[in-house]
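Notes for the one structure printed next.
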Amino acid sequence: MNIGLIGSGGREHAICLKLYKSKLPKKIFCFPGNAGTSKIAKNIEINILDFKNLLRLLKQNNIDFVIIGPEEPLVKGLVDYLKKNKITVFGPNKFASKLEGSKAFMKKVCKENKIPTAAFKICRNKLQVLNFIKKNKLPIVVKADGLAAGKGVSICATKKEVINSTKDIFNGKFKSSKKAVLEEFLDGQEASYFVVADKNTFKFFGTAQDHKRVGENDKGPNTGGMGAYSPAPIVDNKIEKKIINRIVKPTFLYFKRRKKPYTGFLYIGLMIKNGEPFLIEFNIRMGDPECQVILPRLKEDLLKILINCSKNNLKNTKITWSKERSMTVVLCAKGYPGNYRKLQEIKNINNLKLKKNEFIFHAGTKLINNKIFSNGGRVLNFSSMGSNFLEIRNRINKLIKKLNWKSGFYRKDIGWKVIGNANHKW
Ligand code: AMP
Ligand code: GLY
């Protein structure tokens, strides 16, 4: 079987490694992949939003099955396009992908189905904004409606900030939409819950906690994610039941009623407040870097799971998880999430000796004349598993120190909430 994997981040390298380890006979092609995937698959350089060219290359390489990693091609309808052209594909359709592609749509689905989420108003003009400010307490969360690569959310402490942030959105700062979603600020602990779904059913696919801020102690601007760990101890059995009954089931039922069932991974971003889960966001894919901590814990063959999903046979598919804890720390290019330099050589990387259950997942890297160079803001993910989060983090931090990449930086405090908390015996 020839498999096409779309994307080029740490998430896709982690997926690629699991596919590579599958017992099923296969050949993997990454569109476009990175230096990490090039060692275990064939990379094919392409703009993944150029669907026509992608289809041509998929056909040329006799690809039987396509797995889509990132949100943008999903939101733009790649699944529908490939299906129309008779290619089997894993991922949600264009309509369902609006759950991430439009926050206004996601909020409407919540309202219609009584899914717990922050109180909100979809605004198109200043008058609506002023009205929301009058009725709600500060801080107020302002969100761009459409995809914004993690840069569309501002937590505004003053009325002026709310007005300025919404003005930027109305003026077209984000190309994807000119609508703003204003939200009540929820105080609590964030966690992410994942499921995988076919037309008939869904199954648990792990929990994780991410670190979105660039700096230690959760300071500084938001990023795509600086590190993560799995499982998320805050999601106990009681909270999990509430997540499934109040959020996951009503969402899947909504799409079934619409005759457009949700299939693929679903990332449920939560704020947990006094034991009650509130939906912050849906992502229509695995998280990055959450995928890099969840997949190492998966005991079954990922390829079998995804193929079974595409045949709507998830119900009869076993999915079990290692009890070990897992963590990843992201090594970024200095300057990220602002300006940073690309094409800085990462010299030592092939000298690092990795033990079993230690992984370096590449993200923004590129292989040039057999040397590895940086090619993005988030460059490498150092992942490891073990019985104790502190021990895992110490091992990861030591490995990054050994790499001694002068152009990079990383957070040394990933997992601080679980490591420093005496209530969790983790
Ligand atoms: P989102 O893109 O919707 O996930 O938002 C990005 C980040 O902003 C989240 O991970 C939260 O840390 C924060 N955030 C979003 N919505 C809220 C909210 N209603 N209350 C508090 N924090 C929020
Ligand atoms: N790490 C957050 C995301 O994948 O959206």
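Just the heavy atoms: all of them, side chains too, but no hydrogens, waters or symmetry mates, feed the values below. Read the numbers this way: they start at 1 and go in the same order the structure lists the ligands and their atoms.
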Is there side-chain contact between V379 and W405, with at least one heavy-atom pair below 4.5 Å? yes
protein heavy-atom neighbour closest to atom 3 (O) of ligand 1 works out as K143 NZ, 2.9 Å
Determine, using ring centers only, whether F95 and F255 are less than 6.0 Å apart. yes
Only one of Q292, R297, E290 clears side chain to side chain donor-acceptor pair (under 3.5 Å) with S230; which? R297
At what distance is the nearest protein heavy atom to atom 5 (O) of ligand 1, and which residue and atom is it? V153 CG2, 3.4 Å
So which bit of L186 gets within less than 4.0 Å of ligand 1, heavy atoms only: side chain, backbone, both or neither? both
Against heavy atoms of K103, which atoms of ligand 1 measure under 4.0 Å? 1 (P), 2 (O), 3 (O)
Can you tell me which residue and heavy atom of the protein come closest to atom 4 (O) of ligand 1, and the distance to 0.1 Å? E281 CD, 2.7 Å
Backbone or side chain, does any N or O of N222 fall under 3.5 Å from an N or O of ligand 1? no
Spell out, as yes or no, whether a donor-acceptor pair under 3.5 Å connects the side chain of T263 to the backbone of A197. no
Quick one: are K121 and N136 in side-chain contact, heavy atoms under 4.5 Å? no
Centroid-centroid distance, F205 to W321, less than 6.0 Å: yes
Would you say the side chain of I3 lies within less than 4.5 Å of the side chain of L306, judging by non-hydrogen atoms? no
Tell me, which protein residue and heavy-atom name are nearest atom 19 (N) of ligand 1, and how many Å apart are they? E183 OE1, 2.7 Å
Mind running ring pair (Phe, Tyr, Trp, His ring centres under 6.0 Å) on F204 and Y193 for me, showing each step along the way? CA-CA 8 Å; F204 172 71; Y193 188 90; 5.3 Å; yes
For N339, does the CG atom sit with more than 12 other heavy atoms under 6.0 Å from it, leaving out its own atoms? no
Among all the protein's non-hydrogen atoms, which is closest to atom 13 (C) of ligand 1, and how far away is it? I155 CD1, 4.0 Å
Please classify the E190 to ligand 1 contact at 4.0 Å (heavy-atom distances, strictly less than): side chain, backbone, both or neither. side chain
I'd like the atom pairs linking ligand 2 to the protein - N or O on both sides, separation under 3.5 Å - with distances to 0.1 Å.
from: ligand 2; atom 1: 1 (N); to: D210; atom 2: OD2; distance (Å): 2.8
from: ligand 2; atom 1: 1 (N); to: G224; atom 2: O; distance (Å): 3.1
from: ligand 2; atom 1: 1 (N); to: D288; atom 2: O; distance (Å): 3.0
from: ligand 2; atom 1: 1 (N); to: E290; atom 2: OE1; distance (Å): 2.9
from: ligand 2; atom 1: 1 (N); to: E290; atom 2: OE2; distance (Å): 3.2
from: ligand 2; atom 1: 4 (O); to: R285; atom 2: NH1; distance (Å): 2.9
from: ligand 2; atom 1: 4 (O); to: D288; atom 2: N; distance (Å): 3.0
from: ligand 2; atom 1: 5 (O); to: N283; atom 2: ND2; distance (Å): 3.4
from: ligand 2; atom 1: 5 (O); to: R285; atom 2: NH1; distance (Å): 3.4
from: ligand 2; atom 1: 5 (O); to: R285; atom 2: NH2; distance (Å): 2.8

Can we call the ring centroids of Y262 and Y254 under 6.0 Å apart? no
Among all protein non-hydrogen atoms, which one is nearest to atom 17 (C) of ligand 1, and what is the separation to 0.1 Å? I280 CD1, 3.7 Å
Shortest protein heavy-atom distance from atom 22 (N) of ligand 1, along with the residue and atom involved: M271 CE, 3.8 Å
What are the atoms of ligand 1, with element, lying closer than 4.0 Å to any heavy atom of A118? 19 (N)
All side-chain hydrogen bond (donor to acceptor under 3.5 Å, both in side chains) counterparts of Q128, not counting sequence neighbours: none
Distance filter under 4.0 Å to K212 heavy atoms, resulting ligand 1 atoms: 10 (O)
E12 and P70, any side-chain heavy atoms less than 4.5 Å apart: yes
